[in-house]
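A short worksheet on the structure shown next.
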Amino acid sequence: MRRHQVAIIGAGPSGLLLGALLHKAGIDAVILERRSRDHVLSRIRAGVLEMGTVGLLHQAGVGARLEREGLVHEGFSLNFNGHGLRIDLADLTGGKTVTVYGQTEVTRDLMVHRDEIGAATIHEADDVGLEGFDGDAPRVSYTKDGQRHEIACDFIAGCDGFHGVSRASVPERALSTFERVYPFGWLGVLADVPPCSHELIYAGHDRGFALCSMRSLTRSRYYIQCSLEDRVENWSDQAFWDELRRRLDPAAAEAVVTGPSIEKSIAPLRSFVAEPLRFGRLFLVGDAAHIVPPTGAKGLNLAVGDVHYLSEALIEFFAEGSRAGIDDYSRRALMRIWQAERFSWSLTTLLHRFDTMTAFERRMQEAEFAYLAGSRNMRAGLAENYVGLPY
Ligand code: FAS
Ligand code: PHB
């Protein structure tokens with residue numbers, strides 16, 4: 001039976017970054033991924049990286065292209081029924097910024113790095129199974145090309161996302177979950193057109209939320225809040241552009257350059273946390289452990305925070321035989337997870353239209369926005385969460 005020190009389930013950003021950091025510390029980790037490499041790269045997801053994420057990618061040895069092509073942003077705008085408010089991140093946080101660089105590119109850079117270091121990733125690994133993680137001899141099994149394989153390991157990192165097998169392998173009685181499913185989704189469009197603004201615009205409007213983002217100076221990413229009953233095929237490109245413009249202030253609407261969509265998809269929004277994140281020799285990481293509505297640009301960044309804590313803990317274990325880090329992983333990660341959950345939930349509640357909202361709750365949204373506009377302290381609180389709380 002093959003043996004690796006760590007078996008990582010999932011070759012998304014969490015699994016790939018964990019693998020890179022462990023390799024750098026001389027720890028042998030194999031990654032088992034259900035889908036093909038191309039399928040993983042076909043996903044269009046996050047677009048904003050916290051400084052901590054940028055730092056960890058550099059530490060892992062995959063920061064060169066990010067350095068060249070990433071767009072450093074010192075602020076973004078909130079727009080509330082046509083009233084604009086710039087959140088000056090750099091001024092409010094003593095110089096911190098975010099970097100616009102698509103998750104697809106982060107994943108690509110990590111995959112290329114893994115090829116270069118010759119580390120094992122088994123793609124199209126079917127029916128992954130996790131056994132023995134409540135003891136001292138965990139094993140993972142999988143089917144590849146019709147053959148069943150088994151791997152012995154010291155630890156298993158469940159980096160397999162919300163619908164993965166890792167969290168599902170934990171006995172229900174051992175897990176507590178906390179969830180809020182939002183009564184709307186985001187319809188996202190990717191198009192090779194220049195962004196309507198040099199910074200992101202988050203727009204709250206009576207018709208619904210809209211977000212103007214980008215992937216580069218020639219590729220834009222836009223979202224509009226949509227109903228959960230909506231289907232992508234119900235939205236022509238023209239219908240999307242028209243609705244986006246209705247939700248923006250006149251200047252931004254005017255600046256929108258339209259063009260054919262190269263990707264169009266609807267994502268549901270939920271807040272979710274599983275506790276704890278450790279079960280013997282199995283650890284849950286990233287979307288396998290938590291989900292946030294993308295309003296606060298926290299999903300990918302929160303996954304990276306988990307990887308930071310777990311990589312430190314495993315490196316300490318293998319280098320010094322200390323269990324302190326792995327024993328404290330769940331507590332440390334959950335402290336930061338719940339803060340990101342709060343921030344993402346609060347920004348989602350502020351900026352989205354809820355059909356069930358009473359007139360009083362609508363006034364609360366307006367009062368919250370007015371307080372933000374009038375209080376530097378309130379804006380500083382929003383800014384420190386957006387750039388990322390410290391690890
Ligand atoms: P991922 O889900 O990215 O990766 C898990 C990997 O495990 C996948 O490759 C999957 O194929 C694999 N896997 C699953 N089950 C398996 C099994 N049984 N065996 C082996 N492998 C298995 N975040 C933001 O910050 N901003 C956004 O705008 C944003 N938009 C999003 C849109 C969508 C539709 C989704 C689903 C998420 C979005 N997110 C966004 C969040 C997203 O970026 C995640 O936080 C990020 O992908 C987390 O990375 P991972 O934890 O690696 O999980
Ligand atoms: C994106 O560019 O996909 C993006 C940016 C910021 C968010 C969510 C998504 O809050």
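Remember, predicted model here, so these are calculated numbers, not experimental data. Every number for a ligand or one of its atoms is a count from 1 in the order of the listing.
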### Query
Taking D237 for the side chain and P260 for the main chain, is one N or O donor matched with an acceptor at less than 3.5 Å?
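Checking the backbone N and O of P260 against the side chain of D237, no donor-acceptor pair under 3.5 Å is found.
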
Please say yes or no: joined through hydrophobic side-chain contacts below 4.5 Å, possibly via intermediate residues, are [X] and [Y] part of one cluster?
X	Y	value
V256	W235	yes
F184	Y223	yes
F369	I201	no
L248	F209	no

I'd like to check which ligand 1 atoms, numbered from 1 as shown, lie under 4.0 Å from a non-hydrogen atom of [X].
X	result
V128	19 (N)
G299	23 (N), 24 (C), 25 (O), 45 (O)
V165	18 (N)
I9	19 (N), 20 (C)
G164	15 (N)
L32	20 (C), 21 (N)
A267	34 (C)
C159	5 (C), 6 (C), 7 (O)

Suppose we measure from [atom] to each protein heavy atom; which comes out shortest, and what is that distance?
atom	result
atom 8 (C) of ligand 1	R43 NH1, 3.3 Å
atom 39 (N) of ligand 1	R45 CD, 4.2 Å
atom 52 (O) of ligand 1	S14 N, 3.0 Å
atom 24 (C) of ligand 1	A46 CB, 3.2 Å
atom 12 (C) of ligand 1	E33 OE1, 3.3 Å
atom 21 (N) of ligand 1	R34 N, 3.1 Å
atom 4 (O) of ligand 1	G12 CA, 3.7 Å
atom 14 (C) of ligand 1	D160 O, 3.1 Å

Atoms of ligand 2 less than 4.0 Å from [X] heavy atoms?
X	value
R45	3 (O)
A297	6 (C), 7 (C), 10 (O)
V48	5 (C), 6 (C)
Y202	6 (C), 7 (C), 10 (O)
P294	7 (C), 8 (C), 10 (O)
L200	5 (C), 6 (C)
T295	10 (O)

### Message
Walk me through whether E341 and K298 qualify under salt bridge (charged side-chain N to carboxylate O under 4.0 Å, His left out).
### Response
CA-CA 8 Å; E341 290 285 344; K298 289 297 147 216; over 6 Å; no

Hey, does [X] come in under 3.5 Å of ligand 1, counting only N/O atoms on both sides?
X	value
L300	yes
R35	no
H163	no
F162	no

Specify side chain, backbone, both or neither for [X], according to which of its non-hydrogen atoms lie closer than 4.0 Å to ligand 1.
X	answer
D287	both
S265	neither
Y223	side chain
V292	neither

Minimum non-hydrogen distance to [atom], winning option of [options]:
atom	options	value
atom 43 (O) of ligand 1	R37, E124, Q103, H123	Q103
atom 3 (O) of ligand 2	W186, Y101, Y223, Y386	Y223
atom 49 (O) of ligand 1	G286, P13, G158	P13

Between the side chains of [Y] and [X], is the shortest nitrogen-to-carboxylate-oxygen separation below 4.0 Å, so that they form an ion pair?
X	Y	result
K144	D126	no
E50	K96	no
D28	R3	no
R332	E312	yes
R167	D287	no
R270	E179	yes
R281	D134	no

Determine whether the side chains of [X] and [Y] contain a donor N or O and an acceptor N or O closer than 3.5 Å.
X	Y	result
R86	S77	no
H39	R37	no
H205	Q225	no

Would you mind reporting whether [Y] and [X] have side-chain heavy atoms less than 4.5 Å apart?
X	Y	result
Y222	L190	no
Y309	M335	no
H73	T97	no

### Task
Report the C-alpha distance between V98 and M51 in whole Å, list the side-chain angles of each, state the deciding distance to 0.1 Å, and finish with yes or no for side chain to side chain contact (heavy atoms under 4.5 Å, CB included).
CA-CA 6 Å; V98 292; M51 288 180 83; over 6 Å; no

### K298 near ligand 2 by a heavy-atom separation under 4.0 Å
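No, that is not the case, since the closest heavy atom of the residue is not under 4.0 Å from the ligand.
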
### Query
Could a heavy atom of R215 be found less than 4.0 Å from some atom of ligand 2?
yes

### Query
Does H39 come within less than 4.0 angstrom of ligand 1, counting non-hydrogen atoms of the residue?
no

### Query
Are any of the heavy atoms in A297 under 4.0 Å away from ligand 1?
yes

### Query
Side chain or backbone of V100 under 4.0 Å from ligand 2, or both, or neither, by non-hydrogen atoms?
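No part of V100 is near ligand 2 at this cut-off.
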
### Message
With a 6.0 Å cut-off on the ring centroids, do F272 and H290 count as close?
### Response
no

### Message
Between D127 and R34, does the salt bridge (charged side-chain N to carboxylate O under 4.0 Å, His left out) criterion hold? Intermediate values first, please.
### Response
CA-CA 8 Å; D127 305 321; R34 176 167 64 179; over 6 Å; no

